[in-house]
Undergrad: 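Dumping the structure here so I can ask a few things about it.
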Amino acid sequence: MAFNIFKRIENPDSISCNSMISGYAENGDGENAMRMFVEFARRSLGQPDEYTFAAVISATSAFPSGYYGKPLHAQVAKAGLASSTYVGSTLLAMYFCNEDPESAQKIFYSASEKDLVMWTAMIAGHCRIGDTNGSLRFFHGIFRNGLDIDSFALSAVLNACAEGATLRQGEVVHCLVVKKGYGSEMSVCGNLVDMYAKNGELRSSKLVFSLATEPDLKCWNALLGGYGYHGQPEDAFTTFNEMINNDLEPDEVTFLSLLSTCSHCGLISKAKHFWNCMKERGINPGLKHFSSMIALLSRAGLLEEVEEIIITQESSFGDHHHHHLLLLQVLRLDTGDDSATSILLSNFYAAAGRWDSVKETRRKMKDMEIEKDPGFSWLEGMGNKTNVFSSSDVSHPQKGILEAVLQALLVTMTDAGAGEFDLTCS
């Protein structure tokens with residue numbers, strides 16, 4: 001409708017074009033945002049300003065940076081807008097979205113004036129790439145540079161504390177939330193609920209939720225997801241029913257949490273119920289929804305149902321239908337070079353007792369030097385420093401001390417009659 005109105009404008013100007021580009025950006029339509037930007041330049045409707053560039057960069061940030069992001073960055077510099085903090089923050093988000101923190105840091109450190117939006121973008125960006133320490137470092141930088149914190153920065157750092165499982169830092173930020181008077185902000189409240197839940201403090205998570213006068217959907221989703229995250233499916237389902245009773249309409253995130261909970265707990269009938277419920281409410285499943293269902297059904301050996309779900313849901317993906325069609329071909333034919341898909345396919349064959357196929361899939365993975373991504377553990381130590389460990393990790397600078405402590409524990413436990421243990425840093 002907006003585009004139809006735009007087409008009727010006899011002489012569209014930069015304001016109307018910016019409105020269309022921003023509208024496409026807000027609706028996640030990067031392709032049409034870029035088309036409008038090109039049309040803007042082709043018809044010489046004026047010089048793109050910082051609002052034009054910020055909107056189109058934001059709209060296309062999910063695409064590989066070589067397609068749109070970097071060329072747009074070059075045009076920003078050519079237009080003399082490289083120093084704009086408004087454009088700079090969208091460029092930061094674009095590069096982090098493309099897992100290119102080096103380019104983002106160059107933009108940030110080259111900016112003569114860094115406003116709170118840019119600092120927040122750095123916090124959120126480092127969280128996005130899994131660098132919790134980086135997020136906290138930039139959060140502390142806000143105070144060192146004399147800037148006042150706002151709800152967006154607090155939400156960003158709470159998200160980092162949730163993803164990095166840094167409870168102590170999260171509690172400090174919670175104190176700051178209360179001190180600054182942002183406890184009633186629903187975006188902050190939702191991140192607090194999520195932070196405590198992901199750090200295993202479900203009682204604190206529930207308490208924060210209960211103190212919200214009118215919790216919004218994000219708060220409900222955070223609580224529901226927390227229960228599912230810690231293997232409490234009945235509490236998750238009860239929360240979902242309470243959400244419905246409070247006249248809140250569940251969204252994609254709600255159903256993803258429910259399906260993930262069912263997948264982790266092996267609840268096939270419940271998963272099918274929520275899958276159908278999602279479709280009845282007009283919500284098209286995304287790739288993550290499919291992934292949860294496929295993982296659950298494959299572990300149960302229901303490969304025919306996996307194929308049926310993929311085939312019957314072809315229309316749900318729209319422009320992304322090729323993704324699940326490709327997955328169907330992977331199930332039937334080959335694994336390609338995607339380690340996650342290869343491992344999942346190997347699990348499919350194992351569940352079905354097709355051990356020759358398991359062996360062949362693993363052989364191909366080895367030939368292509370594909371390895372399963374290691375799991376990581378976080379441990380908060382002295383000085384609020386977070387230590388990260390992975391399986392077979394020998395890179396920690398205090399590895400020798402850690403092994404000595406473990407050996408001392410081994411001696412103590414053995415003397416106490418605890419039996420034989422193999423305690424090593426690996």
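Just so we're clear, the structure is a prediction, and the values are computed from it rather than from any experiment.
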Undergrad: Counting C-beta onward and ignoring hydrogens, is there a side-chain heavy-atom pair between L92 and Q105 closer than 4.5 Å?
TA: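 In short, these two side chains do not touch, never coming nearer than 4.5 Å.
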
Undergrad: Side-chain contact test, heavy atoms from C-beta onward, threshold under 4.5 Å: evaluate it for F237 versus C262 and give yes or no.
TA: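 Yes, at least one pair of side-chain atoms sits under 4.5 Å.
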
Undergrad: Between K180 and D148, does at least one N-O distance fall below 4.0 Å, as a salt bridge requires?
TA: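 Yes.
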
Undergrad: Any non-hydrogen side-chain atom of T90 less than 4.5 Å from a side-chain atom of S61?
TA: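 Result no, sub-4.5 Å side-chain heavy-atom pair not found.
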
Undergrad: Ignoring hydrogens, what is the shortest heavy-atom contact between N98 and P64? Give both atom names and the distance.
TA: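 Reported closest heavy-atom pair: OD1-CA, 3.1 Å.
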
Undergrad: CG of L154 to CG of N159: how many Å apart, nearest 0.5 Å?
TA: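 Going from the CG atom of L154 to the CG atom of N159 covers 12.5 Å.
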
Undergrad: Just do the ring-ring contact (aromatic ring centres under 6.0 Å, His included) check on F152 and W119 with the steps written out, would you?
TA: CA-CA 10 Å; F152 297 102; W119 283 96; over 10 Å; no

Undergrad: Can you list every salt bridge (Lys or Arg N to Asp or Glu O under 4.0 Å) pair that touches residues 193-214, not counting sequence neighbours?
TA: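 As it turns out, the salt bridge (Lys or Arg N to Asp or Glu O under 4.0 Å) pairs with a partner in residues 193-214, which skip direct neighbours, are E163-K198, D194-K198.
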
Undergrad: Using every non-hydrogen atom in the two residues, find where L116 and A153 come nearest and quote the distance to one decimal.
TA: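 L116 and A153 have their closest heavy atoms at CD1-CB, 4.5 Å.
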
Undergrad: For residues 65-81, please give each side-chain donor-acceptor pair under 3.5 Å, one per line with the distance, not counting sequence neighbours.
TA:
| from | atom 1 | to | atom 2 | distance (Å) |
| --- | --- | --- | --- | --- |
| Y68 | OH | E31 | OE1 | 3.2 |
| H73 | ND1 | Y95 | OH | 2.9 |

Undergrad: Looking at CE of M243 and CG of L223, how far apart are the two atoms once the value is rounded to the nearest 0.5 Å?
TA: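 M243 CE to L223 CG: 8.5 Å, rounded to 0.5 Å.
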
Undergrad: Assess whether side-chain contact (heavy atoms from CB on, under 4.5 Å) is satisfied between I123 and I142, documenting all intermediate values.
TA: CA-CA 10 Å; I123 296 170; I142 292 176; 3.8 Å; yes

Undergrad: Do any N or O atoms from the side chain of N27 and from the backbone of G23 form a donor-acceptor pair under 3.5 angstrom?
TA: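 Side chain of N27 to backbone of G23: a pair is present.
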
Undergrad: If only atom types and distance count, is the side chain of T60 paired as donor or acceptor with the main-chain N or O of F63 below 3.5 Å?
TA: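 No, T60 side chain to F63 backbone: no donor-acceptor pair under 3.5 Å.
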
Undergrad: Are more than 12 heavy atoms from other residues, nucleotides or ligands located less than 6.0 Å from atom CG of D356?
TA: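 It does not: D356 CG has 12 such atoms or fewer within range.
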
Undergrad: For A300 versus I268, what's the shortest heavy-atom pair and its separation?
TA: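 Taking A300 first and I268 second, the nearest heavy atoms are CB-CD1, 3.4 Å.
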
Undergrad: For Y51, is the OH atom crowded, meaning more than 12 foreign heavy atoms sit under 6.0 Å from it?
TA: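 Result for OH/Y51: open.
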
Undergrad: Show the numbers, then the answer: is there a side-chain contact (heavy atoms from CB on, under 4.5 Å) between C277 and L258?
TA: CA-CA 11 Å; C277 182; L258 290 167; over 6 Å; no

Undergrad: Find out whether K114 and N145 are in side-chain contact, i.e. whether some heavy atom of one side chain is under 4.5 Å from a heavy atom of the other.
TA: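 No - every pair of side-chain heavy atoms lies 4.5 Å or more apart.
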
Undergrad: Which pair of heavy atoms, one from I107 and one from S110, lies closest together, and at what distance?
TA: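 Result for this residue pair: O-OG, 3.0 Å.
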
Undergrad: Please name the pair of heavy atoms, one in C127 and one in S135, separated by the smallest distance, quoted to 0.1 Å.
TA: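 For C127 versus S135, the nearest heavy atoms are N-OG, 2.9 Å.
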
Undergrad: Centroid-to-centroid, F255 to H289, below 6.0 Å?
TA: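 So the answer is no for these two rings.
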
Undergrad: For the NZ atom of K218 and the CG atom of L248, what is their distance to the nearest 0.5 Å?
TA: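 The distance works out to 15.0 Å.
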
Undergrad: Would you check if E305 and M293 make a side-chain contact, meaning some heavy-atom pair closer than 4.5 Å?
TA: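 No. Closest side-chain heavy atoms not under 4.5 Å.
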
Undergrad: Taking only distance into account, with no hydrogens and no angle test, what donor-acceptor pairs under 3.5 Å do side-chain atoms of residues 182-193 form with protein atoms, sequence neighbours excluded?
TA:
| from | atom 1 | to | atom 2 | distance (Å) |
| --- | --- | --- | --- | --- |
| N191 | ND2 | S187 | O | 2.8 |

Undergrad: Look at the aromatic rings of F138 and F108 and report parallel, tilted or perpendicular, splitting at 30° and 60°.
TA: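 Perpendicular: the ring planes of F138 and F108 meet at over 60°.
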
Undergrad: Hey, are the side chains of F37 and N18 touching, using non-hydrogen atoms and a 4.5 Å cut-off?
TA: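 SC-SC contact between F37 and N18 ruled out.
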
Undergrad: Any donor-acceptor pair under 3.5 Å linking the side chain of T166 with the backbone of A162?
TA: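 Judged by distance alone, no pair lies under 3.5 Å.
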
Undergrad: What closest approach, in Å, do A236 and G228 show between heavy atoms, and which atom pair accounts for it?
TA: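 Smallest heavy-atom distance, with atoms named: CB-N, 4.2 Å.
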
Undergrad: Using a distance-only test with no angle check, is there a side-chain donor-acceptor pair under 3.5 angstrom linking T238 and N241?
TA: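 Result is no, nothing qualifies.
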
Undergrad: Can you name the residues that form a side-chain hydrogen bond (donor to acceptor under 3.5 Å, both in side chains) with T254, not counting sequence neighbours?
TA: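 Applying side-chain hydrogen bond (donor to acceptor under 3.5 Å, both in side chains) to T254 gives N221, D251.
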
Undergrad: With distance as the sole test, does S260 use its side chain to make a donor-acceptor pair with the main-chain N or O of S257 at under 3.5 Å?
TA: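 Side chain of S260 to backbone of S257, a donor-acceptor pair under 3.5 Å: no, none is there.
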
Undergrad: Tell me if the centroids of the rings in F53 and Y86 come within less than 6.0 Å of each other.
TA: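 Aromatic pair excluded; centres sit 6.0 Å or further apart.
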
Undergrad: Given the side-chain rings of W220 and F209, with only the six-membered ring counted for Trp, is the space between their centroids under 6.0 Å?
TA: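 Yes: the rings meet the under 6.0 Å criterion.
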
Undergrad: Only counting residues at least two apart or in another chain, list the ones meeting side-chain hydrogen bond (donor to acceptor under 3.5 Å, both in side chains) with Y196.
TA: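 Listed in chain order: H174.
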
Undergrad: Ignoring hydrogens and angles, tell me if any N or O in the side chain of N276 forms a donor-acceptor pair with the backbone of K272 under 3.5 Å.
TA: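 The answer is yes, because a donor-acceptor pair under 3.5 Å joins these two groups.
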
Undergrad: Once rounded to the nearest 0.5 Å, what's the spacing between atom CG of D150 and atom OG1 of T120?
TA: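 If we round to the nearest 0.5 Å, D150:CG and T120:OG1 are 5.5 Å apart.
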
Undergrad: Atom OG1 of T132 and atom CD of Q169: how far apart are they, to the nearest 0.5 Å?
TA: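 Answer rounded to 0.5 Å: 10.5 Å.
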
Undergrad: With rounding to the nearest 0.5 angstrom, report the CZ to CG distance, F290 to L259.
TA: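 Spacing of CZ (F290) from CG (L259) equals 10.5 Å.
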
Undergrad: Would you confirm whether N199, through its side chain, and M195, through its main-chain N or O, come within 3.5 Å as a donor-acceptor pair?
TA: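 Yes, N199 side chain to M195 backbone: donor-acceptor pair under 3.5 Å.
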
Undergrad: Does CD in E242 sit with more than 12 non-hydrogen atoms of other residues, nucleotides or ligands closer than 6.0 Å?
TA: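 Enclosed: over 12 neighbouring heavy atoms sit under 6.0 Å from CD of E242.
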
Undergrad: Does the side-chain contact (heavy atoms from CB on, under 4.5 Å) test come out yes or no for R35 and V38, once each step is laid out?
TA: CA-CA 5 Å; R35 289 192 186 98; V38 171; 5.8 Å; no

Undergrad: Are the side chains of P233 and L267 in touch, meaning some heavy atoms are under 4.5 Å apart?
TA: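 Contact flag for P233/L267 side chains = yes.
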
Undergrad: Less than 4.0 Å between a side-chain N and a carboxylate O, is that true for K288 and E252?
TA: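 Answer for the salt bridge query: no.
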
Undergrad: Can you find a heavy atom in the side chain of F274 that is under 4.5 Å from one in the side chain of M278?
TA: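 They are not in side-chain contact.
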
Undergrad: Under the salt bridge (Lys or Arg N to Asp or Glu O under 4.0 Å) test, which residues partner E249, sequence neighbours left out?
TA: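 Expected list: R281.
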
Undergrad: Checking T52 against D49 for the side chain to side chain donor-acceptor pair (under 3.5 Å) test, could you report, in this order, the C-alpha distance in whole Å, the side-chain angles of both residues, the deciding distance, and whether it holds?
TA: CA-CA 5 Å; T52 314; D49 56 20; 2.8 Å; yes

